[in-house]
Participant: 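Can you read through this structure? Questions will come right after.
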Amino acid sequence: MQTVRVNNFEAAFQIRGQGQPLLLVHGFPLDHSMWRFQFEVLATQYQVIAPDLRGYGRSSRGQAPLSMKQFADDLIALLDTLGIPQPIIFCGLSMGGYIGWELVRNYPERVSRLIQCDTRSIGDTDIVARGRRQMAARIIEQGPNGSALAADGMIPKLFSQQSFDRIPERVEQLRTVIANTDPALIAETQHALAQRHDATAWLQTMDVPTLLLCGQHDSISPPDEMRAIAEALPQASFEIIPDVGHMAPLEDPHTVNDLIRQFLSDF
Ligand code: MLT
């Protein structure tokens with residue numbers, strides 16, 4: 001793991017390989033390690049960069065208020081600092097995908113291909129946003145145990161039943177990542193997620209070749225919703241990964257890696 005100072009925080013990231021830059025952006029409230037089965041494999045063909053977002057993993061929090069746009073600005077600042085001005089391949093999962101929409105919207109010249117895993121374009125409904133604020137308040141009330149509470153609430157929604165049975169150790173590793181995350185940061189990010197833009201109206205303007213991947217049993221960003229995103233984008237293909245949930249890259253890395261490589265080899 002390396003760190004560089006960007007936008008007044010210490011940005012931690014892994015970087016490996018040569019070729020076109022490929023940025024792997026994690027979901028909420030996780031860190032770069034969720035991409036560990038993609039990182040090595042893709043680094044044989046691409047320059048892969050897997051950062052920890054501001055406040056997450058080994059990155060420091062800095063001062064700026066959290067938003068999906070701020071995370072996108074931070075990623076551009078990281079690329080600038082690493083001397084990567086050319087367009088990148090962006091690959092995000094869930095919240096990483098929300099950040100991907102902001103990146104393409106605000107920096108279209110910086111993205112050559114988009115890979116969106118288990119993500120949504122619509123913003124939160126009032127009910128969902130209220131649920132997030134209530135969850136944030138409960139996490140803060142719990143003090144140091146707030147992150148364990150967040151993990152207990154999230155883990156059942158992240159994996160398919162098949163994955164709970166087949167790869168329990170990956171489930172437990174992810175629980176540990178969430179439980180080790182600062183509860184105040186989790187609560188703050190819930191507020192940022194509740195306020196994120198609805199990117200649906202942007203989709204038709206996003207003329208970048210896009211691959212959408214969705215776990216068959218993803219209950220957070222369900223296949224029908226992702227198919228609708230594919231239909232709204234000018235250049236998209238859509239694949240369902242059988243037997244997995246919201247964490248497709250972690251639950252079935254082999255299939256996800258094959259689909260990513262196939263998509264990128266078409267260009
Ligand atoms: C994620 O995996 O990043 C979250 O499920 C996103 C969300 O809560 O909307």
Side-chain angles (χ1 to χ4, degrees), residues 23-36 38 50-57 59 66-72 74-75 90-103 115-139 146-147 149-160 163 170-171 173-179 181-183 185-200 212-215 217-223 225-226 229 241 244-252 256:
L23 191 62
L24 298 172
V25 180
H26 64 79
F28 164 77
L30 310 176
D31 68 11
H32 74 283
S33 66
M34 62 146 285
W35 297 112
R36 64 190 176 280
Q38 282 67 48
D52 286 338
L53 293 168
R54 174 189 286 273
Y56 285 90
S59 289
L66 292 190
S67 67
M68 300 305 115
K69 167 76 164 43
Q70 182 62 54
F71 286 134
D74 292 342
L75 293 172
F90 180 96
C91 176
L93 178 129
S94 199
M95 182 176 80
Y98 310 157
I99 297 166
W101 303 135
E102 288 284 351
L103 207 89
I115 302 165
Q116 296 282 63
C117 306
D118 300 283
T119 196
R120 318 183 72 186
S121 64
I122 56 173
D124 280 359
T125 60
D126 288 346
I127 290 176
V128 173
R130 198 175 317 130
R132 287 196 198 272
R133 292 191 190 102
Q134 284 166 353
M135 189 59 184
R138 286 181 56 210
I139 289 169
S147 302
L149 177 81
D152 288 346
M154 289 197 71
I155 288 286
K157 298 185 212 148
L158 295 182
F159 294 89
S160 66
S163 294
R170 285 185 218 166
V171 174
Q173 281 159 357
L174 210 71
R175 182 190 298 281
T176 304
V177 169
I178 300 175
T181 301
D182 176 13
L185 180 75
I186 297 180
E188 196 185 356
T189 312
Q190 285 284 24
H191 288 283
L193 285 163
Q195 285 164 21
R196 75 185 187 279
H197 285 119
D198 185 329
T200 310
L212 294 153
L213 299 178
C214 185
H217 302 297
D218 186 343
S219 58
I220 298 176
S221 38
E225 204 180 301
M226 288 201 74
I229 297 176
I241 320 290
V244 306
H246 188 60
M247 296 302 304
L250 200 54
E251 296 176 79
D252 186 358
V256 166

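Note that the numbering runs from 1 along the sequence shown for the chain. Counting starts at 1 for both ligands and their atoms, following the listed order.
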Participant: Mind checking side-chain contact (heavy atoms from CB on, under 4.5 Å) for Ser160 and listing every partner two or more places apart, or none if nothing turns up?
Facilitator: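 Expected list: Gln162, Ser163, His217, Glu251.
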Participant: Give the residues near ligand 1 by chain and number, with the criterion being a heavy-atom distance under 4.0 Å.
Facilitator: Gly27, Phe28, Ser94, Met95, Tyr98, Arg132, Ile220, His246
Participant: Residues in salt bridge (Lys or Arg N to Asp or Glu O under 4.0 Å) with Asp124, at least two apart?
Facilitator: Arg132, Arg196
Participant: I want to check something: taking the side chain as every heavy atom from C-beta on, are Arg36 and Leu250 in contact at a cut-off of under 4.5 Å?
Facilitator: yes
Participant: Heavy-atom count around His197 NE2 within 6.0 Å, excluding the residue itself: above 12?
Facilitator: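 Counting neighbours around NE2 of His197, 12 or fewer heavy atoms of other residues, nucleotides or ligands fall under 6.0 Å, so no.
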Participant: Please name all residues satisfying salt bridge (Lys or Arg N to Asp or Glu O under 4.0 Å) with Asp31, sequence neighbours left out, ordered by chain then number.
Facilitator: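 So Asp31 forms no salt bridge (Lys or Arg N to Asp or Glu O under 4.0 Å) with any residue.
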Participant: Restricting to non-hydrogen atoms, name the atom on Ser221 and the atom on Met226 that form the minimum distance, rounded to 0.1 Å.
Facilitator: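 Closest approach of Ser221 to Met226: O-CG, 4.0 Å.
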